[in-house]
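We're numbering straight along the sequence, starting at 1. Start at 1 and go down the list; that is how both ligands and their atoms are numbered.
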Amino acid sequence: MHPNAYSPAEWEKIVAFSATKETPFLLVSLDRVRRKFQAFRTHFPNAKIYYAVKANPGKEVLTLLRDLGSYFDIASVYELDQMLDLGVTPDRISFGNTIKKARHVREAYDKGIRLFASDSEADVRHLAKEAPGSRVFFRLLMDAVTSDSDWPLSRKFGCQPRMLTELVSLAADLGLEPYGISFHVGSQQREIPAWDAAITQVRDLYDQIGRNDIHLKAMNMGGGFPADYLVKSNPLSVYAEEINRYLDLHFGDSTPAIYLEPGRGLVGEAGVLVSEVVSIAKKSKTDLKRWIYTDVGIFNGLMETVDESIKYPAYTEKTGETGDVILAGPTCDSLDIMYEHYKYQLPLSLEIGDRIFWLSTGAYTASYSAVEFNGFPPLKTYYL
Ligand SMILES: *Cc1c(COP(=O)(O)O)cnc(C)c1O
């Protein structure tokens, strides 16, 4: 079996490259990132694609996307500096985090950023003062649909429709340019109707806001596009076809400019996290389950396994009869257990020193890795 649609030749290459390196590390296929970016372009021909930098801020990934003409969504002035250092001009960058210090708003404005997202009165006032005249996306709360996603961004972001319309008026009064509405249906959102629900709501809001003579020009549909994990999802083409149909249905000829901010959907399937089995144990002689401790865990890459939210395929070159395992990381912290309730199966022949390949780990792994919890270094990344 060559998981995640790797051809035998591609998989050979990954194993051969890995054999020469000390684990754990993330191996990113730039070719897969390129192909996925092109797929987003093909399937959403009219959208501007703002890569969500936080998903994988590796320099090679950013450089590749820069050269492919991508736009970028940043979460902080630190990501902003990283993008500017790579020669990306500020007109290709949006500051999408609604939570930011007033002085960071000013810093971003001084460095040329003119597109922001907001969801609160305090932030709108900061923007008006520190980034005068800028374009603003107003983020709509999506609590009803994000709860269906595997990694909900839920209650933390966005505001209710009533408040959103008030913020739009306030922003206009304060000299900002209300530019559009943004939403995020929840990360790893497999349910396509979530986008329909969001688009319907946005359509209503455009009409309401239009009656106040403010004509929004754009809609930012955020990220949420799923990657294939243990649970498979439809290909991007299916999501795109449905979403484009909803847009047509709800907006027809008056479809606003579309912005997308894929993170996981763009880079998730491009990564393989390579780890080694550090120890294998049973809690009693008759225990049927083996505890497999690997050199990667919650703190050095597999953060999204918290609550077993994201179930990465775990692959080994060992074959033969399999049995239940509990998978845990290497640190002295009992939170550092990846999978205990969901029954992963690994070969009984698995031994200390064998490698475990975690698939679809291109997003939210290296960027989530602690700096030196228990002295373990941050996750290294190599590119293939
Ligand atoms: C994290 C984030 C994204 C990316 O989400 P994915 O589910 O990884 O595609 C997009 N937009 C904003 C504002 C985000 O915070």
Ligand 1 contacted by A55 (non-hydrogen, < 4.0 Å):
no

Ligand 1 to G223, heavy atom cutoff 4.0 Å, flagged ligand atoms 5 (O), 9 (O), 10 (C)

Using a heavy-atom cut-off of under 4.0 Å, does the side chain or the backbone of S187 touch ligand 1, or both, or neither?
both

To the nearest 0.5 Å, what is the distance between CD1 on I243 and CE on M221?
5.5 Å

Provide the number and element of each atom of ligand 1 under 4.0 Å from a heavy atom of A52.
3 (C), 4 (C), 10 (C)

Among protein heavy atoms, which sits nearest to atom 5 (O) of ligand 1, and what does the distance come to when rounded to 0.1 Å?
H184 NE2, 2.8 Å

If you draw a 6.0 Å radius around CZ in R103, do more than 12 non-hydrogen atoms from other residues or ligands fall strictly inside?
no

Positive for side chain to side chain contact (heavy atoms under 4.5 Å, CB included) with R66, one of V61, T89, V88
V88

Taking the side chain as every heavy atom from C-beta outward, state whether Y6 and K13 have any pair of such atoms under 4.5 Å apart.
no

Could you tell me if any non-hydrogen atom of Q189 lies under 4.0 Å from any atom of ligand 1?
no

Would you please classify the geometry between the Y344 ring and the Y342 ring as parallel, tilted or perpendicular, with 30° and 60° separating the classes?
perpendicular

Would you indicate whether the side-chain heavy atoms of Y259 and L115 approach each other to under 4.5 Å?
yes

Of R139, K54, R264, E261, the residue with the heavy atom nearest atom 11 (N) of ligand 1 is E261

Taking the side chain as every heavy atom from C-beta outward, state whether L348 and T322 have any atom pair closer than 4.5 Å.
no

Once you measure the plane-to-plane angle for Y51 and F72, does it fall in the parallel (<30°), tilted (30-60°) or perpendicular (>60°) bin?
perpendicular

Using a 4.0 Å cut-off to any heavy atom of G263, which atoms of ligand 1 qualify?
4 (C), 6 (P), 8 (O), 9 (O)

Which ligand 1 atoms are under 4.0 Å away from a heavy-atom of P262?
9 (O)

Could you establish whether Y364 and ligand 1 come within less than 4.0 Å of each other, counting only heavy atoms on the residue side?
yes

Work out whether the distance between some heavy atom of A363 and some atom of ligand 1 is less than 4.0 Å.
no

